[in-house]
There are 2 protein chains.
Amino acid sequence: MSTAHRFTPEHIARAHAQSAQTPPAETDPRVEALVRDLIGCVADKWTMLILELLAEQGATRFTQLNRRIGTISQKMLTQTLRHMERNGLVIRTVHPVVPPKVEYALTELGLSLGAAFCGVWIWAENNLDAVEASRKSFENRAAEP
Amino acid sequence: MSTAHRFTPEHIARAHAQSAQTPPAETDPRVEALVRDLIGCVADKWTMLILELLAEQGATRFTQLNRRIGTISQKMLTQTLRHMERNGLVIRTVHPVVPPKVEYALTELGLSLGAAFCGVWIWAENNLDAVEASRKSFENRAAEP
DNA sequence: ATTTATACTCACCAAAAAGAGAGCGTAGAC
DNA sequence: GTCTACGCTCTCTTTTTGGTGAGTATAAAT
């Protein structure tokens, strides 16, 4: 997947610019806990997928998202979108028509998170084979001790 | 936490160098599935924490890891470490003494994954406040429609 | 009159993940 | 002789997660 390229160089550059701003060493355990918690909220499978899709296609309707992802249940989709909205990653726009029309789009924050995840996607793409090899050799080691 | 700084600039530079190698657009659905799967295996809470700790302190014993993390159960720690070993992120060294001594250390692969996650930690650090604010306003919107 | 589309919510159930606590084998300290 | 340390594993129970299928409101199309 060209996940690596769904975010423009500018996004990524922005993410790195932020990293330069970060104070050199701060180890407040409260901050640490918050950061962990935040990542826990934000770094799940569905969130990452939706981030990707919205970055790729811009504003998208509920049912379209549902169809594109294919394997997600309505329940999970709603739930994930609500969490994302709460965390400021997407904006939900309701058009008061009937049948209902609701669009979801990434915010700046959502976009920047997508850029941050980029590194992980790239890592996965580049290291698929290494991991695969490692698994094989692990299984062999386990087989004959 | 200065999570951002547990990985040296060289590691991060290496991660970006990889990104430059990535072919511009490749959307093989099989690769896509594999990448997703891999991220699913690798991007969980405990793995990320252990990656951090090992990057920070180098080779560490089981009980030390357990104590440092504090909130992890032995079961989860063992399980996570096994998965990481299988995926080639850590090496497990058994010293045949009694009482047992087992050390865990990051591999190159583990180190590079840590570097990739760096962007996400940095994002979380930098955007804690934005997320917090967004949550507050979301709750307010929910309260009075 | 019936069907269709949309974006949900709700109640229920099954499966998966995670925590708690006990046990184990053995060497050295007391 | 008993206790402790270490790195687990095993079983049992609880919690969390996620899927399923039904229901809702309403206007337009058939």
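We name chains A, B, ... by the order of the sequence lines, and we start the count at 1 in each one.
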Problem set entry | Nearest-nucleotide 5' precedence on DNA chain C, B:Lys75 against B:Pro100 | B:Lys75
Exercise. Ion pair present between A:Arg141 and B:Glu85, side-chain N to carboxylate O less than 4.0 angstrom?
Worked result: yes
For this session: Rounded off to whole Å, could you give me the CG-to-P distance for the B:Leu65 and D:dG7 pair?
Result: 9 Å
Problem set entry | A:Lys101 NZ - C:dC8 P separation (whole Å) | 14 Å
Exercise. If only side-chain N and O atoms of A:Thr63 are considered, is one of them under 4.0 Å from the OP1 or OP2 phosphate oxygen of C:dA7?
Worked result: yes
Problem set entry | Whole-Å gap separating C1' (C:dT6) and CG (A:Asn66) | 11 Å
For this session: Measure across B:Asn87 and A:Ser134 and return the closest heavy-atom pair with its distance rounded to 0.1 Å.
Result: C-OG, 3.4 Å
For this session: Locate the shortest heavy-atom distance separating B:Val35 from A:Ala124; write the atom from each residue and the value.
Result: CG1-CB, 3.7 Å
For this session: For A:Lys45 and C:dA16, give me the distance from atom NZ to atom C1', rounded to whole Å.
Result: 12 Å
Exercise. Considering only heavy atoms from C-beta outward, does the side chain of A:Glu52 approach that of A:Leu49 to under 4.5 Å?
Worked result: yes
For this session: Only counting residues at least two apart or in another chain, list the ones meeting salt bridge (charged side-chain N to carboxylate O under 4.0 Å, His left out) with B:Lys136.
Result: B:Glu132
Seminar exercise, completed: In whole angstroms, the gap separating P of C:dC8 from CE of A:Met76 amounts to 15 Å
Problem set entry | Whole-Å gap separating P (D:dT24) and CD (A:Gln74) | 16 Å
Exercise. Tell me: CD1 of B:Ile72 to P of C:dA20, nearest whole Å?
Worked result: 12 Å
Seminar exercise, completed: Whole-Å distance, A:Leu77 CG to D:dT17 P, equals 17 Å
For this session: Indicate whether OP1 or OP2 belonging to D:dG7 is found under 4.0 Å from a side-chain N or O atom of B:Arg61.
Result: yes
For this session: Output the distance between atom OG1 (B:Thr60) and atom CG (B:Asn66), rounded to the nearest 0.5 Å.
Result: 12.5 Å
Problem set entry | Members of residues 79-99 of chain A that approach DNA chain D, where some heavy atom sits under 4.0 Å away | A:Val98
Exercise. Which nucleotide in the list C:dG19, C:dT6, C:dA7 gets nearest to the side chain of A:Arg67?
Worked result: C:dT6
For this session: Please check if atom CZ in A:Arg68 has more than 12 non-hydrogen atoms from other residues, nucleotides or ligands closer than 6.0 Å.
Result: no
